Each structure stands twice: as C-alpha cells, then as structure tokens.
Amino acid sequence: MITAKQSSVTKFMELVEKRNPAQLEFHQAVYEVAQSIIPFMDEHPEYKKANILERIIEAERIVIFRVPWMDDEGNYRVNRGYRVQMNNAIGPFKGGLRFHPNVTLSILKFLAFEQVFKNSLTTLPMGGGKGGSDFDPKGKSDNEVMRFCQSFMTELFRHIGKDTDVPAGDIGVGSREIGYLFGQFKRLTNEFTGVLTGKGYAYGGSLIRPEATGYGLLFFVDEMLKTKGDSIKAKKVVISGSGNVAQYAIEKTIAFGGIPVTASDSDGFIYDPDGIDTDKLAFLMGLKNKKRGRIYEYAEEYGCTYFEGEKPWKIPCDVALPCAVQNELDESDAQLLVNHGCKLVAEGANMPTTPDAITLLQQNGVLYAPGKASNAGGVAVSGLEMTQNSIRLYWTREEVENRLRGIMQNIHKQCMQYGKNADGSVDYLKGANLAGFVRVADAMLAEGHV
Ligand code: NDP
C-alpha cells in the first residue's frame, strides 16, 4: 500500500526530475531530504504556503565557464569550471571546490544542496555552495596544476568574495591547489581577504582545518556511541579513502583507542589486521600527500593484503566510516556490514551510502549518521577560519579543537532533538534534515519572496 507520505514524495520527485533531467546525484540528494521534510511541512503550513521546498532546491545562481590552460609539452588544453551558489539565506555561499574527471553539474548541485543543510547545522552564518572542474590533478606536474588553478581563478574571482561566496577544498583540491587559487585571487583583486578557506597557516589559514573533517567525524561518532553507554575504545574500524578526510579520521580513531584496519583509493584497499598505528599513518600521509602514490604501496611496505578493485566493507568491523566518494557503499555492502555485526556507520564523505543501503542499515538497528551531520567539522572550522580572518587573529590549536568538538556535540544534540522516534531510537538522517532545514527556511520566510 502506498502511504500519503510516499505519494507526496513521489509527486514532488517527478517535478524535480522533470526540471533537472538526467541529474541523478542531484535527484538522490533531494529525495533524501524530501522524505523527511514533506511530512514535516504538513504539520507546518507556513513553510508549505511559502513554497519553501520548491524554492530551496533551485540554485540562486550557477556559473559555468571555460578553463583554458597549457600543459608542460606546450599543448593547449581546456576544462570546464563551475560554481553553484545554492542558498545564501543565512550567510555567504560557502562550500568546497572539487577537481575530478567525473565532476558534472549534477554532482556539484547535489553537493551544494547538501551543503546548505550541513552549514545550517553548524549554526555558523554560512549559506551553501559548491564548485569545481572536470580537471584531474592526478598525474599532473605542480606547474600544470598551478597554471590550471590560475586560469580557473581568472574567471571565478568575479563571482566570489569574503562576504559573497567563500570556496574551500574538496576531492582533488588540497593545500597546494588552495595556495595557487588564493595567490591568483590576490593578484587579480589586489586584496588580501579570507576569500578561500583551507589556506596554509602562513597566509591566514586556521590551525586544525586540515584535521577538521576527520576529527569532527570521530567526535560525532563518540557522541553516538555515548548514547549507548559505549565508546570507540578497542573497536575495529573500517575506513575507506586515503585522502584528507580518511587520514585524519584514522588519526583520531587511534587517539580514541580504536583500531583502524583499512584504507583505500580508487584502485583498491589495504587490510592491516594489526591496525594502522601512528608510524604507519605517517607513511600513508607521506605516500598520499607528498609522493602522490597509490595505496598498494602501503601493503608492499607493511606486508599486509591489498585487494585490487575492491571496497573494504567485506572486512568484519564494529564501526564503518566511508570517507572517499559518493555512492561507495551500496545495499550489498550494507548487507555485508550487517552480517558481520557492524554497529555504526558514519559518513565522512558526502552521500557515500545509497538510499537502499541506508534503509537496510536502519532496519537492522545499525546507527547511521549522514555526512551533512557527521562530516560538518570541515566546514565548521572553515567558518572559524573566516572569523579569525575577519578579526585578524589566530586561535591556538586547543581553542579551535575545543570549538570544533562543541560544534559537533551541538549538531548531535540537534539530530537527537529532531530525529527522536516514538520508541526512543534516533533517526539521524531525519534529525539532520529537519534541524538544518528549519534554520534556513525561517530565514527565507523572514527575508520575503527573494
Ligand atoms: P581527497 O581528494 O583528499 O581524497 C579522496 C579519496 O577518495 C582518495 O583516497 C581517492 O582515491 C578516493 N576516491 C576518489 N574517487 C574514488 C572512487 N571513485 N572510488 C574509490 N575511491 C575514490 O578528498 P577528501 O578526503 O577531501 O574528500 C573525501 C570525501 O569527503 C568527499 O566525498 C568530500 O566531498 C567529503 N568531504 C570533504 C571535506 C573536506 O574538508 N575535505 C569536508 C566534508 C566532506 P584516488 O586518490 O585514487 O582518487
């Protein structure tokens, strides 16, 4: 039997699909949110009357541009650049830049849409946006990456600003790329402002920003486990990815006494049953951040197993932290996790778990945290970087980390408040969607029909 909720969501999704044809990732992100918000709006006619849901899925502005650059052999190359300015009801647009060959408008719209709710959950004054390019920094020289970044910023600079839109990093955009982008912005505008976050400490960055998403994820997991009178100590933790988020998720897992046993990249994963310890993590960071090598080299160094072309979810664990890419954990992966007794899945990446997988986890009593809540630590510290830039001060590591922990605890509290089920259990997805929505929707109501 189709319930009234299902039929309203289906009707709404038909409209979304018609207006945004073939944008599958965007449909998926909207569907995840609509499921929670449509029934909520039935109880809150003020949002329905103002047509907030249809307005919130429409980007304020999207810029698409050509990015010409020259490779080291003197060949003319071209990529496509984007900035999706989704919603600025509660603050300037804010969200990362992704450089990856599979970047499309659909992927950036899904990311920008999720970002609106995530930024709202931090309670900092930041709207939502996202951008990037189908440029692949992998295999390019530093000079090629610099020329690309300079060309990208030569168009983007007109559309961003410290009070307008403040980009940051994401997949393929780390400290090297942010440095080149910031340098070109400064040159074009003759201004030294906090227009990008994730900057190096030497030129306005915040301490703990590189660590923030991974650390924040573990602070959130800690809160989830506390509600069960449990902790991460001695738990086996399966982590995907080996980039920024995964590296610091591994670091904080170790600090909390957990045992991280996997890491991956787009070619496969390594399984280290003894656990990735601090020394091995230092090797992994050097491999990925300096040598820009592949994950199998970790297995060669430490004599553990490398699974080519596979995902780590088949390794038995207590906690799973997907920290690589969207849709990397599907229904069959979720079934493996359930079969092996996994108790908690928290997303470090954006939308890594497919809708079917989420349902399966929730139905089997696995605690599940959506990225918009559990990976909000990165943008939270970006917000703190903006504050430090505005007051022209640097806070200490302790100060930033304490604020980050407080923000993650507060996000957890909001999820509990809005996501509590009648039986006392918590639906973190519903909680994050509703808490994120209410703040933005109230601001949109107050600002009128804009
Ligand atoms: P990085 O570029 O530093 O790392 C990305 C990792 O994901 C790499 O290990 C990469 O492997 C792997 N990966 C990429 N594509 C695939 C694929 N198709 N299959 C399997 N693995 C893949 O990015 P981040 O760590 O910054 O970002 C990871 C995720 O976290 C993204 O979803 C991002 O949106 C999200 N996120 C990041 C935040 C941040 O502060 N950086 C904040 C919040 C969310 P390879 O090297 O082979 O490409």
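For ligands, and for the atoms within them, numbers begin at 1 and follow the listed sequence. Keep in mind it's a predicted model, so treat the numbers as computed, not measured. Atom set for the values below is all heavy atoms of this structure, side chains included, hydrogens, waters and symmetry mates excluded.
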- request: Take D427 and Q362, measure what side-chain hydrogen bond (donor to acceptor under 3.5 Å, both in side chains) needs, and give me the verdict at the end.
  value: CA-CA 8 Å; D427 180 340; Q362 289 182 326; 3.3 Å; yes
T154 meets the side-chain hydrogen bond (donor to acceptor under 3.5 Å, both in side chains) criterion, sequence neighbours left out, with Q184
*Do the non-hydrogen side-chain atoms of K343 and V319 ever get within less than 4.5 Å of each other?*
no
task: Check whether any side-chain heavy atom of F99 lies under 4.5 Å from a side-chain heavy atom of I171, and answer yes or no.
output: no
| message | Whether K280 engages the ring of Y298 as a cation-pi pair (distance to the six-membered ring centre under 6.0 angstrom, angle to the ring normal within 45°) should be assessed. | response | no
Expected contact list for ligand 1 at under 4.0 angstrom, heavy-atom basis, is R98, H100, K118, K138, D170, I171, G172, R209, T213, G241, S242, G243, N244, V245, S264, D265, S266, R294, C323, A324, V325, G348, A349, N350, N375
Check ion pair E401-R405 (N to O, under 4.0 angstrom):
no
